[in-house]
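Each residue takes its place number in the sequence, starting with 1. Computed from a predicted model, the values in this text were never measured in an experiment. Computation of the quantities below employed the complete heavy-atom set of this structure, encompassing side-chain atoms and omitting hydrogens, waters and symmetry-equivalent molecules.
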Amino acid sequence: MTTFAPSAISALLDSPVRYDLAESTSPPLTLGELAEPAELTDVVLGYGPIGGDAELRAMIAADTGVAADQVLVTVGAIAAMFLLAQATCAPGDRVLLATPCFPPARTVPEGLGAQVDVVPLSFDDGYRLPLGRIADALTPRTRLVSLASPQNPSGVRFTEAELHALLDEVRHRAPEAVVLVDETYRESTYGEAKIPPSAAAMSSRVVTCSSLSKAHGAPGLRLGWLTTSDAELYGKLREAKFLTAIACSTVDEFLAARVVSRRTDFLAPRAHRLRQALDELVAWTHDQPVDIVQPDGGAICCLRLRPDRFPTAAVADFYAHLAKRDTRVAPGSWFGEDDRVFRLGFGHLSPPDFTAALDRLADALTAAR
């Protein structure tokens, strides 16, 4: 029987707060930025292709370095993760997962009956890839290796060399495994930094997933995708999508094509805003009893309450004081990390609200000590 554990992170959708530093998105787009009302009148509300709109797939393929028939459009990146876990893992198979991570990366394969082998990444090591420990955790029964780059919650990006080294270990120790690289934050950069290349074309063993939810500010479209150059695996994923969703919304795909075709127009101002907000955040930490792992991409990063300033009992007090100020951060336990660590989002709030939220965060830190 397939069962999925409750996820505390669902509070982000169902329990809003005034100053939400737990959110992980960039400023949201509006429908008016994508299309005039008259343009929507010709959108046909029939079934679309199972693989996704041809124009949209071609644009995604051009950006990720694969062929259009190696792109499968999905209902957000979370659906891509579900389809891949379902296609690769039978009950009793093993999944290797680098944590902290986006919660469904763990709960989905566990709910499908797979054994999840967790390899924790370390705040003190900057959440770099611990290749030796990952290699030791790989087995011939491993069917899926799951990681994100940039990571959620830390925003740390793995280098091309790290990913190649990982693929070498998987090839030798888990020959039937595929490697999922969640690239949801890949296009979320800072200032004038260039968008790094996708890992999609790195190996036929690599599957990538992404969406328009985070970097582009369009989570309301519920539109994502996965890529694989393994034709047999693509066929299984396509069939699984048909059996669970048939196809994506033609309205979502129409609007998504608008976003992707104008990605530079939408990503550039968000990169500028993220640069400003991250600089403000880093400067703020200099006067606060917290440590920070500076992110490489995404509207998120990890901070830690300093152990010498916050005894264990004070950690819960910190979250209680923050709640009293109608402010929220994302506790580390949401992601498989200690609650002394928390994720802070710096792209969701307007500049004045972000500054006000940091002031309330500072007040809570003072009150909890």
Side-chain angles (χ1 to χ4, degrees), residues 7-34 76-78 100 102-104 148 150-156 182 184-191 210-224 259 263 265-285 290 292-303 319 322-323 325-332 334-335 341-364:
S7 180
I9 201 171
S10 64
L12 289 177
L13 299 180
D14 294 335
S15 304
V17 299
R18 174 66 180 85
Y19 296 99
D20 202 345
L21 292 169
E23 268 293 356
S24 57
T25 61
S26 294
L29 289 167
T30 65
L31 185 57
E33 293 177 88
L34 302 181
I78 192 169
F102 181 49
Q151 302 166 43
N152 182 2
S154 71
V156 172
D182 180 350
T184 299
Y185 290 100
R186 178 178 67 89
E187 296 183 83
S188 188
T189 58
Y190 309 139
S210 190
S211 79
L212 300 179
S213 297
K214 307 299 186 180
H216 305 79
L221 290 183
R222 305 311 309 136
L223 202 293
V259 176
R263 57 158 53 94
D265 295 338
F266 299 133
L267 292 173
R270 283 162 176 76
H272 178 69
R273 169 60 193 146
L274 292 183
R275 178 75 275 167
Q276 290 179 324
L278 180 57
D279 288 346
E280 180 180 359
L281 173 62
V282 171
W284 175 88
T285 64
V290 296
I292 184 172
V293 173
Q294 291 209 36
D296 301 308
I300 50 174
C301 64
C302 282
L303 282 74
Y319 288 104
L322 202 57
R325 290 158 174 80
D326 206 12
T327 305
R328 175 168 60 195
V329 295
W334 286 6
F335 312 98
V341 176
F342 58 90
R343 185 184 76 181
L344 188 146
F346 52 89
H348 177 68
L349 297 175
S350 68
D353 280 356
F354 182 66
T355 299
L358 290 180
D359 289 341
R360 284 159 175 75
L361 182 57
D363 289 345

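Between W284 and A362, the closest heavy-atom pair is CZ2-N, 3.8 Å. Between G298 and Y185, the shortest heavy-atom contact is CA-CD2, 3.5 Å. Annotation for R325 and A364: closest pair NE-N, 3.9 Å, computed over non-hydrogen atoms. Closest non-hydrogen pair, P269 versus D265, comes out as CD-O, 3.1 Å. The two residues S210 and A77 have their closest heavy-atom pair at O-CB, 3.5 Å. Closest non-hydrogen pair, E187 versus H216, comes out as OE2-CE1, 3.3 Å.
In this structure, the side chains of C302 and V341 come closer than 4.5 Å at one or more pairs of heavy atoms. Between S26 and S188, some side-chain heavy-atom pair lies under the 4.5 Å cut-off. With a 4.5 Å cut-off on side-chain heavy atoms, T189 and L267 do not count as touching. Within the 4.5 Å cutoff, side-chain heavy atoms of R328 are placed close to those of S15. For the pair D353/R18, a side-chain contact is recorded, criterion being any heavy-atom separation below 4.5 Å from C-beta on. Using a 4.5 Å heavy-atom threshold, the side chains of Q276 and H272 count as touching. The shortest distance between side-chain heavy atoms of K214 and S24 falls below 4.5 Å. Looking only at side-chain heavy atoms (C-beta outward), L361 and Y19 stay at 4.5 Å or farther from each other.
Atom CG in L358 sits 10.0 Å away from atom OG1 in T327 (nearest 0.5 Å). Atoms CG and CG, from L221 and L34 in turn, are 7.0 Å apart once rounded to the nearest 0.5 Å. Taking CG of L281 as the reference point, atom SG of C301 lies at 5.0 Å (rounded to 0.5 Å). If you take CG on L212 and CZ on R263, they are separated by 8.5 Å, rounding to the nearest 0.5 Å. A distance of 11.5 Å separates CG in L303 from OG in S154, rounded to the nearest 0.5 Å. If you take CG on D20 and OG1 on T25, they are separated by 9.0 Å, rounding to the nearest 0.5 Å.
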| Taking it one step at a time, do R270 and L29 satisfy side-chain contact (heavy atoms from CB on, under 4.5 Å)? | CA-CA 11 Å; R270 283 162 176 76; L29 289 167; 3.4 Å; yes

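Panel note: side chain Y190, backbone A299; no donor-acceptor pair is recorded below 3.5 Å. Side-chain atoms of R360 never come within 3.5 Å of backbone atoms of L322 as a donor-acceptor pair (strictly under, hydrogens ignored). The main-chain N or O of G347 is never found under 3.5 Å from a side-chain atom of R273 such that the two would form a donor-acceptor pair.
The only member of D182, T184, I78, L223 that meets side-chain contact (heavy atoms from CB on, under 4.5 Å) when paired with S211 is T184.
Between Y319 and F342, the angle of the ring planes goes over 60°, which puts this pair in the perpendicular group of the 30/60° scheme.
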